[in-house]
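Right, one structure below, let's go through it.
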Amino acid sequence: MKTSIKQVLESTAFDTDFTVNGWVRNRRINKNLAFISLNDGSCAGNLQIVVDFDKIPEENIKGIGTGACLRIKGTLVKSVGQGQDRDIAAKEVHIYGLADGETYPLQPRKHSLEFIRENAHLRSRTTVFSSVFRVRHALAYAVHKYFNDKGFYYINAPIITASDAEGAGEMFRVTTLDLNNPARNKEDGSINFKEDFFGKSTHLTVSGQLEGELMALGLGNIYTFGPTFRAENSNTTRHLAEFWMIEPEMAFFELEDNMALAEDFMKYVIKYAVDNCDADLQILQERLLEEEKAKKEDERSPMPLLEKLNFVVNNDFEKVTYTEAIEILLNSNHYKKKKFKYDVKWGIDLQSEHERFLVEKHFKKPVIITNYPKDIKAFYMKQNDDNKTVRAMDVLFPGIGEIIGGSQREEILEKLETRMKEMNIPTDEMWWYLDTRRFGTAPHSGFGLGFERLVLFVSGMTNIRDVIPFPRSPKNADF
RNA sequence: UCCUUUCUAGCUCAGCUGGUUAGAGCACUUGACUGUUAAUCAGGGGGUCCUUGGUUCGAGCCCAAGGAAAGGAGCCA
């Protein structure tokens, strides 16, 4: 087994020999000595290798620059220099591969995020992105651990679906038909999907929720954690065409239980990252501070990254109904001074500026808004007795906006069917979904969390394309 | 998709009112240097000025169309 640089940096076994592998982050060559900062991705820190030319000829490290991959055998010693407590005094340097400095894009200096994004295949070699991806891993692990420990079952919803009735957004078509010469219906010349692979029109999933409901109404508590796809032409720092969504679904859960779970869950996974990714979060906190220096003072975050994360973990989320939220907006000085671009009145869908005001200016903490007007929400949400609102909840986070959307589901067959007809959703195609209400229906609730938005919040990154290894967005499917 | 801004060396950027051979720092390369920390110092190589078309004696700079990127908005997770 190899020894990781993380193990060497944590070891107390001085004067013993180690063999480490890694990529050169930087190197400084003097007449008699060379210093190599080596990183293998096991942790944020670099290990300094000291090459003494009395012991290893200078020719042996010829051509080693940023990006080269090495295997080093050497002795762990206390560092004589200032910047670190330990070095490896090299006994043997093996070069796996050089990286030609004329053409290797990365340098031992600060690169713009934009530049690194355009070289996404090399992002894992950089300080900031390797930290982001270690944090991403920790969060994914925490998600599974949380649900497992609570007795939830992990369910894989299908990625290819025939259901196009969910209405969650534009979809990517899946087909094996020849695009240049597709099978057509004789009558009207339209595409004949009976000839397609599945014998019907299919798409990539936009949500695993409906399948999750089927599973929950039998298994009790389940969650999905998988890729979802939206063919929306969204060019923002918060949207991806391919993203990972976590969707728990619980039988015998009312909206209040759903809210409590969402809050507890968010606090748990954020705390897990804080407890397990300190070095990486320190790096990301520094990065964010650096980025915010360029901003105007009133646009900067009120607290540093780690303080913000601890604040979320240690404070209760604010809970208001949609109706109360509208009142708060209407009574705000911001509204009276006509600073909102979009008008506020009961019935509107809250705009980003409204959500930001509530979260960042008014409450200054995460907010859960409930009981939205039924006309701006999906067909499956449970209708309240007032006949105007549904048992929906959105969790809003500072800097991110909506991070979770969820609801109690309508479990009464007649009410659900009526609502589907009102919203032009074909009830016959959705017979399998309606069967859950037809046979042994039960109250149930669930929510969806965009995993990248969670990583965005915890890492303090500002563009969602920087928290997924290989981002898919309009005009971009490289790498 | 809409609005605003941007596109010059591998990277970050400068480039005057349209005028000779387009510059700097870093990176790379050669050399110097007794432990460096984005090492330092000295020399050298490196350009499809996003693309296409136009105006002009002359375009990196002006005009038009297109492309891409960033930020904001919409849609949402």
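Below, chains carry the letters A, B, ... as their sequence lines are ordered, and counting in each starts from 1.
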What does Leu106(A) touch in the nucleic acid at a heavy-atom separation under 4.0 angstrom: a base, only the sugar-phosphate, or nothing? nothing

Would you classify Thr237(A) as touching base, sugar-phosphate or nothing, given that sugar-phosphate means primed atoms plus P, OP1 and OP2, and contacts are heavy atoms under 4.0 Å? sugar-phosphate

So what does Gln107(A) hit on the nucleic acid, given a heavy-atom distance under 4.0 Å: a base, only sugar-phosphate, or nothing? base

Would you indicate whether the side-chain heavy atoms of Phe243(A) and Arg230(A) approach each other to under 4.5 Å? yes

Base, sugar-phosphate alone, or nothing: which one does Asn46(A) contact when heavy atoms must sit under 4.0 Å apart? nothing

Under 5.5 Å between ring centres and under 30° between planes: true for Phe243(A) and the base of A77(B)? yes

Distance-only side-chain donor-acceptor flag, Glu211(A) / Thr224(A), under 3.5 Å: no

Can you tell me the pairing partner of G66(B) across any strand shown, Watson-Crick or G-U wobble, with both distances under 3.5 angstrom? C50(B)

All N/O pairs under 3.5 Å across the protein-nucleotides 28-31 of chain B interface:
residue	atom	partner	partner atom	Å
C28(B)	OP1	Arg27(A)	NH2	3.4
C28(B)	O2'	Glu102(A)	OE2	2.6

Answer with base, sugar-phosphate or nothing: what part of the nucleic acid does Ile400(A) contact at a heavy-atom distance below 4.0 Å? nothing

Please determine whether the number of non-hydrogen atoms from other residues, nucleotides or ligands lying under 6.0 Å from atom NZ of Lys271(A) exceeds 12. no

If you measure from the C1' atom in A68(B) to the same atom in A24(B), how many Å do you get, rounded? 27 Å

Suppose we define a pair by two distances each less than 3.5 Å, Watson-Crick or G-U wobble; what does U1(B) pair with here? A73(B)

Could you tell me if Asn156(A) and Tyr154(A) have a donor-acceptor pair between their side chains, going purely by distance under 3.5 Å? yes

Assign Asn30(A) to base, sugar-phosphate, or nothing according to its heavy-atom contacts below 4.0 angstrom with the strands shown. base

Between Ser207(A) and Glu247(A), does any side-chain donor sit less than 3.5 Å from a side-chain acceptor? yes

With sugar-phosphate meaning primed atoms plus P, OP1 and OP2, does Phe229(A) contact a base, only sugar-phosphate, or nothing at under 4.0 Å between heavy atoms? nothing

C1' atoms of G19(B) and C61(B), separation to the nearest Å: 12 Å

Residues two or more places apart in sequence or in another chain: which of them pass side-chain hydrogen bond (donor to acceptor under 3.5 Å, both in side chains) with Asp375(A)? Arg419(A)

Lys/Arg-Asp/Glu bridge criterion (N-O < 4.0 Å) met for Arg287(A), Asp466(A): no

Does Lys6(A) have more than 12 heavy atoms from other residues, nucleotides or ligands lying within 6.0 Å of its NZ? no

In whole angstrom, give me the gap between the C1' atoms of C11(B) and G54(B). 34 Å

Taking the C1' atom of each, how far is C75(B) from C2(B), in whole Å? 13 Å

What interatomic distance, in whole Å, is found between C1' of U20(B) and the corresponding atom of G15(B)? 16 Å

His239(A) side chain: which of G35(B), U12(B), C75(B) is closest? C75(B)

For G25(B) and A42(B), measure between their P atoms and round to the nearest Å. 10 Å

Among residues 452-479 of chain A, which ones have heavy-atom contacts with RNA chain B below 4.0 Å? Arg453(A), Asn463(A), Arg465(A), Lys475(A)

Please measure how far the P atom in G53(B) lies from the corresponding atom in U6(B), and state the result in whole Å. 25 Å

Before we go on, tell me: are the rings of Phe317(A) and Phe363(A) under 6.0 Å apart, centre to centre? no

Considering only the C1' atoms, how many Å lie between C49(B) and C7(B), rounded to the nearest integer? 10 Å

Look at all strands and tell whether Gln84(A) reaches a base, only sugar-phosphate, or nothing, counting heavy atoms closer than 4.0 Å. base

Do Tyr380(A) and Glu213(A) pair up side chain to side chain, a donor and an acceptor below 3.5 Å, judged on atom types alone? no

Hey, does Gly448(A) reach any base, or is it just sugar-phosphate, or nothing, if we go heavy atoms under 4.0 Å? sugar-phosphate

